[in-house]
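Working notes, structure below.
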Amino acid sequence: MSNEIVPVDDPIEEPKPNKKPVVYDENEGSESVIKSLPYYGESSSSGSGGYVPEVFNSESLPSTLASEIQRFLRVANMLEWKAPRVAYLCRFHAFEIAHNLDRNSTGRKVRQFKTVLLQRLERDEETSKTTRLEQSDSRELKRVYDENRRYINQHAEAFDLENSHGEKLLDACRIASVLYEVLKTLIAGPQALAGRESIQARSELFAYNILPLDHGGIQQAIMKFPEIKVAIQVIRNVRGLPSTQNLPKRGTFVDCFEFLQYSFGFQKENVANQREHLVLLLANVLSRHSRKQALALKTIDASIDELMRKFFKNYTNWCKFLVRKSNIRLPCVKQDAQQYKILYIGLYLLIWGEAANLRFMPECLCYIFHHMAYELHGMLTGAVSMTTGDTIEPAYGGSHESFLSNVVTPIYEVIREEAEKNKCGTADHTTWRNYDDLNEFFWSPDCFQVGWPMRTKHDFFCTSSPKKSKVKNSRSGREQRKEKETEDEEQGLNYVTSEENSEPKWLGKTNFVEIRSFWQVFRSFDRMWSFFILSLQAMIIMACHDVGSPLEVFDAVILEDVMSIFITSAILKLIQAILDITFTWKARNTMELSQKRIQLLRLAYAVIWTIVLPVVYAQSRRKYTCYSTQYESWIGKWCYSPFMVVVVIYLITNAVDLVLFFVPAVSKYIEISNWSICRTISRWTQIKPLIAPTREIMKIGVQTYDWHELFPKVRSNVGAIVAVWAPIIVVYFMDTQIWYSVYCTVCGGLYGILHHLGEIRTLGMLRSRFHSLPSAFNRLIPPPSKKRTKSFLQNIFCKVSKSEVLDPKFVLVWNQIISNFRSEDLISNREMDLMTIPTSGLFREFIRWPIFLLANKFSTALSIARDFVGKDEKLFKRIRKDEYMYFCVKECYESVKCILEVLIVGDLEKRVVSNIVNEIERSIEESTFLQDFKMSALPALQNKVVELLELIAEGDKNQNGKVVQVLQDIFELVTNDMMANGHRVVDLIECSQEAVDDFTVFSRKIEPQLFESAASKTSICFPLPDDGPLTEQIQRLHLLLTVKDKAMDIPANLEARRRISFFATSLFMDMPSAPEVCSMMSFSVMTPHYMEDVNFSMKELQSSKGQVSIIFYLQNIFPDEWKNFLERMGYQNFNELIDDDKEEEIRKKFNELIDDGKEEEIRKWASFRGQTLSRTVRGIMYYRQALKLQALLEMPEYKDVLEEVNVFERNNPKSSAELDALVDMKFTYVVSCQMFGSHKSSGDPRAEDVKDLMIRYPALRVAYIEEKEEIIGDKPQKVYFSILAKAVGTFDQVIYRIKLPGPPIIGEGKLENQNHAIISTRGEALQTIDMNQDNYLEEALKVRNLLQEFHHNRGRRPPTILGLREYIFTERFNPLN
């Protein structure tokens, strides 16, 4: 694994605040800003004084040196302020390594780098000595080394990346590991470096992808899962494996993968990659069982068997196709069989992980695995080769990179040389072989002639196209070798022929050569064309005979003429046979002899029948032999001619083709039935009406012809007949498409109705059906508590369950979606308040709908009550009829009660309010509300309550008098203008004063009035205490009372409307129930990236294209989103910016944002609205957010807890770490950045943008191709690696570096870019997403349901490929992209 350094906070001593190389705020976390560094650390001035710390750029390094010296330079930067002399020694050590690797500086940029580094060392040599705390360099190094070692020993036992010391501990391990290597050059003997082994082991901890499989990572959350523990235990079962006596390994094997590594010569990083891959696969299969079952031996065996079936399904079919015995041989002992299965799966994964471009050739991988599995079995059982008589050993040994050099590279070179002959698609298709052509070679038993070890002189490895004279005999020579084969082809060991030393010959195409011609339309759809033509001919004949009844067809004359269609059929078959030979002519030299014979026999067969049928028809027409039936029947007199007999013989010979055509009867039933409909309708509506006019036209002779210049000898009306029939013939051939369109319209409409497609299309429909969303949500998105069985009719007429309405899970998910809309600037703060469902603990006894559903409901109810005349029951019934209105009125009433209970604290005032409330509730209970209260004063009361709420929301102590006045106004309004018996409340106040004496009565006149406070008495508590739920309810009540009709159009953004309507509609669709997150199918997403934009730079945003800058264009395309963005940034005067049409004013405001340090936010906002990688990455990472949210809702401790997700995670860090670990086990996102390596070395800004993405999304993985130069024989040679990287701290960290046989991009481009990165994906399913696609949180919530489709049979077997509806966001704004 790589040992690169990740600079984070210093573990021993905080760095000095001045002149830091990486400037960031610890509170910002992943949002840290890295300052640009000078190339190779050029200095502005060293000064004449003491040592001046300055960073040296450790990122832009020559490709030949980067992997060897980068960690030393990074550690030097980390120690620059704490131990400058140690930093100098680290750079000096890096210089020595660079010089030893390339003494002549022949590599690209090596000379420049060494010169700059040497200048830096010369400058710092003397000045850095003054900062030394010890007398010598070795002691100074030892001091810093010991400090880091002590820190490691103190915190190693409690190692956990999630705690505060995790990154610091890893930092200390990196420093100690590098200083150990530097110390080895200064200290004689390793005994002075105590504990270096443990430090070196811990230094490997951070270089992992998902699972820290080293012993030190056992305390991390993901390593505590029982499924992970069991999977690791299974692969670490090395009992009974052969000893390491004949292998380069010393000691025992750690696990099965290490045994395979040293036995077959796989790369170490490939082994580490596939080890983690298999552990996660096995753990995910085990997770589908309960925790107790997952630990059972029977469950483990069943899970391994499931993986065996998936991995070796293609290999098993390949063996059956070639009639070969599978080399997967298992012992009878159950425990040993489990180990053998893991070894076979691990062997296949290692072959696949290192196969590079050979992964495009699955049968080639089967061939390689076939032989290596035989060797593996021989090693495990100690078998003896029947050919050599020795113990079976791997043919290529287990030396370093043996498999890559001896197996992958020879076949890769064939692929590469054949791709070069393509000449970028300009070469003839017959002159070169693509992946399919090369892979097709392994479909034939001839592939075993390659042997094992592979004979590189075999014709398969020949890539030079021979002359035509030699090509003609190439196939016959191979067939002769096949006939002379005497050894066992099953293994192909040491296979030798008599022509071993003969010159290899190019195999060429195997079966197919692409030839482009319009005749391919007929050849590819010959059965369809034959059916159309024969049906047309039959219908014309029947129409000419005026057939009125189907029984008339059995008349001898009519039947004979109808059977003439078989003459046409024979001609069509002759054309098909000729086309088959023509289009395969260029592959004749490499085709099997049996295929040639079949094509010639088909041609001869077609020629014979094309001659026989017309001749017999001409000679025997109307010559019948008749027989009368003994009994009268509908047949009557039965006659036949010799032609009919010949036709019967012709049909018998075609019976096989006829049977094969109708074998898939079920799947083609609709297609066949549609053809019947088209045939019947076409005959009676198109063809039959033309028969009579055609006969009349034929009777008319041509006397004079005006077009004699063109047709001087015409004596018939053929031209007129052609003109009449031509449009009908064209329409006839279009009939199938016409009827298919009608069929799709009718059946598609019925299907949509039955399956609730398009259930909600507008905002009005969303509001009217919103009450049913919680029930639909709970039916599909959360995992069912028990298995749901639903009939077809139940799916059509699904009812809303009142008990499930506004379930807490739905409320939290809905609010998360709305919050996500706000973070994407699709809605404003006010719209978010209107669309959010309250989650506070107040009023749980009734439903509190989002305010955008209740807009104007209170005002409408108030108007109804004010003008209503009648009984209370009718008024209540009318209000209850509208569910939203009823709950709005009820919530407003309860909210006012709650606020007054908190606001009013005086005893008298409390009794007064309590009396009024009791009077209201009594009158409602006795149905005398309209008699006891006057409704005409309700509008005035509403205005006073709104005024009171505004004063409470402001919370200004100076407004206490206004609050008292408003309360007094409300009291007088209720008691005087509304209550019929308001004197009761007034009497209560008077009764409280009856017991006082005269002095008291005199003094009462100067006491405060109702709701007023005095020195000895407090009547109201204003401002209200800082209570979150109460403050939220006050704000909500104010919105309920003030929001009018304008809220009916919320959200105003069209994209927000589209997304929320689509999500609501999808909840009514029929989809599989979702499993729990821990039991779901694991999956990965991969996005290819080449040279596209990652983020828009500030320069690009301000540059003008077509006299308009990009930022100005975006602000005009998305005006509402720009307005919401400014509001989110804290700008209140954004209306001026939106309303101003002048670009100069917009640029002025834009510059104000830049001055306030909002550059990164501006770049993100613009990039999320263009075709950029950051937009796609943000969308795909919603999968992770959705899975984490769903896993949180499934946690027992979170059940029925109505609090924000972020609050829960902040209060429960351990649970949050478990959630992250669970999601890591289920979801992986890999971006295949093809040019990231070259961008890093060249300093391209896109490389920094990709790093920022990795820092922003720590779970993101970037796979890229590294082109490195290695000095071999004083000459640089290019070596290619497939690298997987992640972000640790503020730098990218290499996880795996797997060597490739050559450049992976050799012709297919995008596919090959994805191919090199596919080995870094995890899980059982893979989704590929292009950069013009996006994803949304609300859609990501349904990914579990989608993955369940792989477990549902949609025919004979479960699907292996799922197609999803694709929304390409660049369709609307193509000029931007």
Side-chain angles (χ1 to χ4, degrees), residues 210-211 213 225-238 255-257 259-260 266 270-290 293-319 326-331 334-355 359 362 365-366 368-370 372-373 376-377 380 1075 1078-1084 1225-1228 1318-1326 1347-1348 1350-1351 1357-1360:
I210 298 174
L211 299 177
L213 293 175
F225 291 161
E227 300 86 359
I228 297 293
K229 294 180 179 179
V230 171
I232 295 175
Q233 182 181 359
V234 168
I235 69 168
R236 287 182 177 173
N237 177 22
V238 295
D255 55 24
C256 296
F257 279 88
F259 166 73
L260 294 172
F266 294 109
N270 176 39
V271 171
N273 182 27
Q274 298 307 325
R275 178 189 290 118
E276 181 186 80
H277 190 182
L278 181 56
V279 170
L280 288 173
L281 281 175
L282 183 56
N284 279 296
V285 176
L286 288 170
S287 65
R288 298 191 190 120
H289 307 276
S290 63
Q293 292 177 346
L295 301 177
L297 182 61
K298 184 178 180 180
T299 304
I300 298 173
D301 290 336
S303 301
I304 296 176
D305 290 339
E306 182 179 345
L307 290 180
M308 287 283 291
R309 287 191 297 270
K310 290 183 178 180
F311 273 106
F312 299 117
K313 180 180 179 181
N314 185 53
Y315 171 70
T316 304
N317 294 334
W318 179 77
C319 291
S326 172
N327 280 338
I328 299 178
R329 303 170 186 178
L330 303 175
K334 197 170 185 180
Q335 187 68 20
D336 293 341
Q338 183 186 102
Q339 185 188 66
Y340 275 50
K341 293 173 186 177
I342 292 296
L343 286 170
Y344 284 128
I345 296 175
L347 177 62
Y348 185 83
L349 282 175
L350 292 175
I351 293 172
W352 176 78
E354 209 162 327
R359 282 188 287 271
L365 297 185
C366 290
I368 297 172
F369 174 79
H370 184 74
M372 297 182 70
L376 175 61
H377 181 267
L380 295 174
C1078 61
S1079 303
M1080 66 174 288
M1081 191 183 223
S1082 57
F1083 73 106
S1084 292
M1225 194 172 77
K1226 297 297 179 180
F1227 169 69
T1228 307
I1318 196 173
I1319 59 175
S1320 303
T1321 60
R1322 299 290 184 264
E1324 304 157 86
L1326 175 64
L1347 293 172
Q1348 284 299 105
F1350 287 107
H1351 299 294
R1357 62 181 66 90
T1360 56

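It should be emphasised that the depicted structure is a prediction, and the values quoted were computed from it without experimental measurement. In this chain, numbering begins with 1 at the start of the sequence shown.
- Between Leu347 atom CG and Phe259 atom CZ the span is 10.0 Å, to the nearest 0.5 Å.
- When every heavy atom of Ser287 is checked against every heavy atom of Ser1079, the shortest pair comes out as O-OG, 3.4 Å.
- The only member of Arg275, Gln233, Arg236 that meets side chain to side chain donor-acceptor pair (under 3.5 Å) when paired with Asp255 is Arg275.
- Rounded to the nearest 0.5 Å, atoms CG (Leu1347) and NZ (Lys1226) are 10.0 Å apart.
- Residues that satisfy the ring-ring contact (aromatic ring centres under 6.0 Å, His included) test with Tyr344, not counting sequence neighbours, are absent from this structure.
- The shortest heavy-atom contact between Ile300 and Leu286 is CA-CD2, 4.0 Å.
- By the side chain to side chain donor-acceptor pair (under 3.5 Å) test, Glu276 pairs with Asn209, Arg1322, sequence neighbours left out.
- Side-chain contact between Leu211 and Leu280 is present, with heavy atoms from C-beta onward closer than 4.5 Å.
- The two residues His370 and Cys319 come nearest to each other via the heavy atoms ND1-SG, 4.2 Å.
- Note that the SG atom of Cys256 and the CG atom of Leu278 stand 9.0 Å from one another [nearest 0.5 Å].
- Closest of all the heavy-atom pairs between Gly1323 and Ser1084 is N-OG, 4.3 Å.
- Evaluated for a ring pair (Phe, Tyr, Trp, His ring centres under 6.0 Å) with Phe369, the options Trp352, Tyr348, Trp318 yield exactly one hit, Tyr348.
- Atom-to-atom distance recorded for Glu227:CD and Thr299:OG1 is 11.5 Å, nearest 0.5 angstrom.
- Between the side chains of Asp301 and Gln338, at least one donor N or O lies within less than 3.5 Å of an accepting N or O.
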Assess whether side chain to side chain contact (heavy atoms under 4.5 Å, CB included) is satisfied between Leu260 and Val271, documenting all intermediate values. CA-CA 9 Å; Leu260 294 172; Val271 171; over 6 Å; no

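- At a threshold of 4.5 Å between non-hydrogen side-chain atoms, the residues Arg359 and Ile1319 count as touching.
- Expressed to the nearest 0.5 Å, how far OG of Ser1082 lies from CZ of Phe1227 amounts to 11.5 Å.
- The backbone N or O of Leu350 lies less than 3.5 Å from a partner atom in the side chain of Asn270, making a donor-acceptor pair.
- Judged as a side chain to side chain donor-acceptor pair (under 3.5 Å), and not counting sequence neighbours, the contacts of Arg288 are Glu306, Glu1324.
- Shown here for Phe1350 and Pro1358, the closest heavy-atom pair between the two residues is O-CB, 3.2 Å.
- Partners of Pro331 by side-chain contact (heavy atoms from CB on, under 4.5 Å), not counting sequence neighbours, listed by chain and number: Asp336, Ala337, Tyr340.
- Listed by chain and number, the residues in a side chain to side chain donor-acceptor pair (under 3.5 Å) with Asn317 amount to none (sequence neighbours excluded).
- Ser303 contributes no side-chain N or O that, together with a main-chain N or O of Leu282, makes up a donor-acceptor pair within less than 3.5 Å.
- The structure places CE of Met308 at 5.5 Å from CG of Leu330, a figure rounded to the nearest 0.5 Å.
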Step by step, work out the side chain to side chain contact (heavy atoms under 4.5 Å, CB included) result for Ile228 and Met1225. CA-CA 9 Å; Ile228 297 293; Met1225 194 172 77; 3.7 Å; yes

Is there a ring pair (Phe, Tyr, Trp, His ring centres under 6.0 Å) between Phe266 and Phe257 once you walk through the steps? CA-CA 10 Å; Phe266 294 109; Phe257 279 88; 9.5 Å; no

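- Taking Asn237 as the reference, nothing meets the side chain to side chain donor-acceptor pair (under 3.5 Å) condition, with sequence neighbours excluded.
- In this structure, the side chains of Cys366 and Tyr315 come closer than 4.5 Å at one or more pairs of heavy atoms.
- In this structure a side-chain-to-backbone donor-acceptor pair under 3.5 Å is missing from Lys341 to Ile304.
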